[in-house]
Amino acid sequence: MTLTVHLFARARDLAGSDAVSIDVPAVATVADLRLALTHRFPALGDLLARSAVAVNHDFADDLRPLSAGDEVAVIPPVSGG
Amino acid sequence: MTLTVHLFARARDLAGSDAVSIDVPAVATVADLRLALTHRFPALGDLLARSAVAVNHDFADDLRPLSAGDEVAVIPPVSGG
Amino acid sequence: MVRLTHNPIDYHALTEAVRGPHYGAVALFLGTVRDLTGDQVTEFLVYEAYPPMAEKKMAEIEAEVRRRWTVGEVALVHRIGRLGVGEVSVAVAVSALHRAAAFDACRYAIDTLKELVPIWKKETAPDGVGGWVHPTSELRNAECGMRNKDTIEGDAQ
Amino acid sequence: MVRLTHNPIDYHALTEAVRGPHYGAVALFLGTVRDLTGDQVTEFLVYEAYPPMAEKKMAEIEAEVRRRWTVGEVALVHRIGRLGVGEVSVAVAVSALHRAAAFDACRYAIDTLKELVPIWKKETAPDGVGGWVHPTSELRNAECGMRNKDTIEGDAQ
């Protein structure tokens with residue numbers, strides 16, 4: 001399935017886009033998504049490893065299954081306040 | 001010597017005055033002043049026991065010597081804020 | 001900056017006065033007149049101070065804050081006189097580089113003010129009954145969560 | 001009440017909104033743009049958010065504050081977009097019966113916001129150099145006193 005992944009801050013700058021389409025297997029987890037992102041955007045590597053992934057506006061661990069239609073985002077370490 | 005003692009809040013209400021003249025020996029401490037106040041205003045008793053005495057705008061313990069010209073005050077438990 | 005005032009406290013101006021380009025954090029505390037203390041209704045309060053000593057002790061609190069924390073500006077203002085429900089009785093504003101110092105200094109200042117500064121409040125209920133609040137030290141030490149058990153002594157008028 | 005806004009934060013209105021006759025204490029925290037981070041000069045900051053998630057996390061913080069403490073009103077507002085030195089980036093206002101709850105809740109809210117809410121800042125120096133701030137977790141956990149060692153990654157333009 002194809003997921004749209006939202007990117008922010010330096011992750012967006014490194015990927016060159018604020019939203020990218022990523023193909024993952026029909027049965028996939030956040031770990032699969034991270035792998036696919038790493039292959040597609042090698043420059044994201046270090047920052048991606050330090051970033052969280054959010055699914056439908058909640059933080060999601062690597063085991064979290066993904067479904068078509070999920071809103072997925074890469075959340076680099078935050079610096080609000 | 002004669003000292004003017006300032007009284008506040010319920011201590012003033014009990015003494016009926018916001019400043020009273022109190023005679024203490026020429027060599028006297030805060031303890032002597034407390035004793036003289038107790039004799040002069042028996043109604044102050046309980047509250048005086050719970051009150052601090054200030055000399056020249058600082059809290060003073062019972063051993064503190066008093067001098068003519070000191071500004072003395074009875075400070076009941078405070079409730080500002 | 002420390003001050004006693006008979007006028008309403010303009011905490012907005014006070015907060016603006018402590019803000020500054022070097023400081024990334026501001027903490028403000030306001031004490032306001034509550035309508036209820038436990039089940040006791042308050043119609044208004046009267047705050048009285050021993051002014052020269054109160055201002056001296058407030059200045060000592062500011063000095064101690066500056067000794068303990070790296071802060072920018074510090075403002076402690078207490079109102080005296082008659083205050084209606086909802087009015088601001090005390091404001092403490094502190095700016096600092098970072099939030100930990102701003103919070104800690106602000107809290108120390110109001111905690112110490114409530115413990116040491118010679119200011120007293122008299123509560124008056126709608127039926128005219130009331131009295132000076134002179135907390136016992138046990139209650140005073142038990143912190144603000146226990147303030148509604150403060151001793152109210154005597155009946156006014 | 002939680003909100004992201006592109007407009008200057010009117011913290012005075014926010015504080016008035018949390019005040020009320022039942023609450024004897026109000027704590028307000030303001031985060032403001034500093035001109036210096038260590039020896040690095042800041043000319044302006046840009047804050048970016050992932051808005052739906054940021055507002056959801058802010059609402060969760062308010063809910064957790066209400067679960068942990070007995071508070072009156074809670075307001076968390078974060079500004080996004082470009083902010084000059086001295087401007088308010090975030091405001092947290094909490095009213096409560098007593099000061100301990102107001103302080104503790106206010107501090108929990110800003111601490112948690114800085115840890116969990118998807119908002120990022122980009123620093124820009126007068127020479128145009130700058131970058132997104134993405135703290136390492138060690139530094140993030142070391143609290144705000146260490147914020148000036150945050151990692152600034154990359155150069156913008």
Side-chain angles (χ1 to χ4, degrees), chain B residues 3-22 29-31 33-34 36-38 40-81, chain C residues 4 29-33 37 45-60 76-80 88-92 109-123 130-141 144 147 150-157:
Chain B
L3 291 168
T4 300
V5 179
H6 298 271
L7 297 160
F8 298 95
R10 178 130 174 93
R12 180 195 48 236
D13 291 354
L14 292 170
S17 175
D18 59 4
V20 297
S21 291
I22 292 285
T29 63
V30 165
L33 174 73
R34 285 180 178 274
L37 279 168
T38 303
R40 173 90 166 274
F41 303 101
L44 269 184
D46 283 357
L47 183 59
L48 182 60
R50 299 204 292 122
S51 298
V53 169
V55 179
N56 301 333
H57 311 141
D58 281 315
F59 292 105
D61 65 30
D62 280 5
L63 299 178
R64 160 82 185 232
L66 294 169
S67 306
D70 281 343
E71 183 170 328
V72 182
V74 173
I75 310 290
V78 301
S79 52
Chain C
L4 295 176
F29 175 79
L30 302 179
T32 63
V33 180
T37 298
L45 297 181
V46 175
Y47 282 94
E48 170 178 307
Y50 177 21
M53 184 172 171
E55 289 185 339
K56 182 178 185 187
K57 294 296 146 194
M58 289 165 76
E60 289 174 4
L76 278 83
V77 178
H78 202 298
R79 189 165 163 200
I80 51 183
V88 175
S89 54
V90 63
V92 180
I110 183 64
D111 286 353
T112 310
L113 182 151
K114 289 177 86 94
E115 192 181 321
L116 291 182
V117 174
I119 299 175
W120 301 270
K121 73 174 167 191
K122 183 170 153 181
E123 299 183 337
W132 290 104
V133 179
H134 292 307
T136 64
S137 53
E138 290 75 27
L139 293 175
R140 175 57 78 180
N141 291 342
C144 51
R147 292 298 306 283
D150 282 354
T151 312
I152 298 178
E153 301 184 22
D155 294 327
Q157 58 263 8

**OP:** Please answer whether the main-chain N or O of B:Gly81 pairs with a side-chain N or O of C:Tyr47 as donor and acceptor at a distance below 3.5 Å.
**Re:** yes
Original post:
What's the shortest heavy-atom distance between B:Arg12 and C:Trp132, and which atoms?
Top reply: NH2-CZ2, 3.4 Å
Subject >> B:Gly80 to C:Lys114 - nearest heavy-atom pair and separation >> reply: O-CG, 3.6 Å
Original post:
When rounded to the nearest 0.5 angstrom, what is the spacing between CG in B:Asp13 and NZ in C:Lys122?
Top reply: 5.5 Å
Original post:
Looking at C:Pro52, C:Gly31, C:Ala91, which has the largest count of heavy-atom pairs under 4.5 Å with chain B?
Top reply: C:Pro52
Subject >> Atom of C:His134, atom of B:Pro77 and distance for their closest heavy-atom approach >> reply: ND1-O, 2.9 Å
**OP:** Might you point out which heavy atoms bring C:Glu48 and B:Ala9 nearest each other, and give the distance in Å?
**Re:** OE2-N, 2.9 Å
Subject >> Shortest non-hydrogen separation from C:Met53 to B:Ala54 and the atoms involved >> reply: SD-CB, 3.4 Å
Subject >> Segment of C:Ala54 engaging chain B (4.5 angstrom heavy-atom cut-off) >> reply: neither
Original post:
C:Leu116 versus chain B, heavy atoms under 4.5 Å apart: side chain, backbone, both or neither?
Top reply: both
**OP:** Pick one of side chain, backbone, both or neither for C:Glu55, based on which atoms fall under 4.5 Å of a heavy atom in chain B.
**Re:** neither
**OP:** Name the orientation class of the two ring planes belonging to C:Trp120 and B:Phe8 (parallel below 30°, tilted from 30 to 60°, perpendicular beyond 60°).
**Re:** parallel
**OP:** Might you point out which heavy atoms bring B:Asp58 and C:Lys56 nearest each other, and give the distance in Å?
**Re:** OD2-NZ, 2.8 Å
